[in-house]
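We're numbering straight along the sequence, starting at 1. Atoms considered below: every heavy atom in the structure, side chains included; atoms not considered: hydrogens, waters and symmetry mates.
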Amino acid sequence: MSTTVTDEQIQALASTAKPYSLALLQWTPERTMNGADAIELEHQRRMVSLRADGVIAILCPVASDTVAGVAIMTVAAEEAAEIMAGDPCVQAGMMRCDVHPCHGFPGDALPV
């Protein structure tokens with residue numbers, strides 16, 4: 001870490017923070033159930049659709065045996081939890097989803 005940041009810079013950035021929701025999807029032992037591949041494909045279709053609709057700002061599938069993915073959602077945590085409860089993998093018991101309120105800075109993005 002070589003960039004020096006002043007207190008004023010921190011306060012200026014903090015003043016731009018907006019509320020978002022963080023959805024953490026974790027695999028369950030049902031991940032390999034019969035028909036799992038088809039259910040996961042519908043999960044992927046739904047997540048990409050939510051991203052295209054602007055409900056998901058950042059979508060990060062995770063290559064892990066325990067964590068399936070992370071999504072930064074543009075809706076309040078209560079609405080995000082309702083949306084994620086309708087996820088095909090969550091409904092099938094293949095994934096568990098925890099949603100947490102968080103703050104982020106509009107304009108932040110992953111590097112290309």
Within this structure, what is the [atom1]-[atom2] distance for the pair [X] and [Y], rounded to the nearest 0.5 Å?
| X | Y | atom1 | atom2 | answer |
| --- | --- | --- | --- | --- |
| T3 | Q9 | OG1 | CD | 9.5 Å |
| D98 | L25 | CG | CG | 9.0 Å |
| S64 | W27 | OG | CH2 | 10.0 Å |
| D108 | K18 | CG | NZ | 13.0 Å |
| I72 | C102 | CD1 | SG | 4.5 Å |

According to a hydrophobic-cluster definition based on side-chain heavy atoms being under 4.5 Å apart (Ile, Leu, Val, Met, Phe, Trp, Tyr only), do [X] and [Y] belong together?
| X | Y | answer |
| --- | --- | --- |
| Y20 | I58 | yes |
| L110 | F105 | no |
| L59 | M84 | yes |
| M94 | M47 | yes |
| V67 | I39 | no |

Member of H43, R96, M95 meeting the side chain to side chain contact (heavy atoms under 4.5 Å, CB included) criterion with V90: M95
Enclosure of D65 CG (heavy-atom neighbours >12, cutoff 6.0 Å): no
Indicate the atoms forming the closest heavy-atom contact of [X] with [Y], along with that distance.
| X | Y | answer |
| --- | --- | --- |
| V75 | A80 | CG2-N, 3.7 Å |
| P106 | G104 | CD-O, 3.6 Å |
| A92 | M33 | O-SD, 3.7 Å |
| E40 | C89 | CA-SG, 3.7 Å |
| I56 | A71 | CG2-CB, 4.0 Å |
| V99 | A77 | CG1-O, 3.6 Å |

When you compare the side chain of H100 with that of S21, does any pair of heavy atoms fall below 4.5 Å? no
Do T6 and Q11 make a side-chain contact, defined as non-hydrogen atoms from C-beta onward lying under 4.5 Å apart?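 In short, these two side chains do not touch, never coming nearer than 4.5 Å.
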Could you give me the CA-CA distance, side-chain angles and deciding distance for I83 and V55, then say whether side-chain contact (heavy atoms from CB on, under 4.5 Å) is met? CA-CA 10 Å; I83 291 169; V55 175; 3.9 Å; yes
Salt bridge (Lys or Arg N to Asp or Glu O under 4.0 Å) partners of R51, counting only residues at least two apart: none
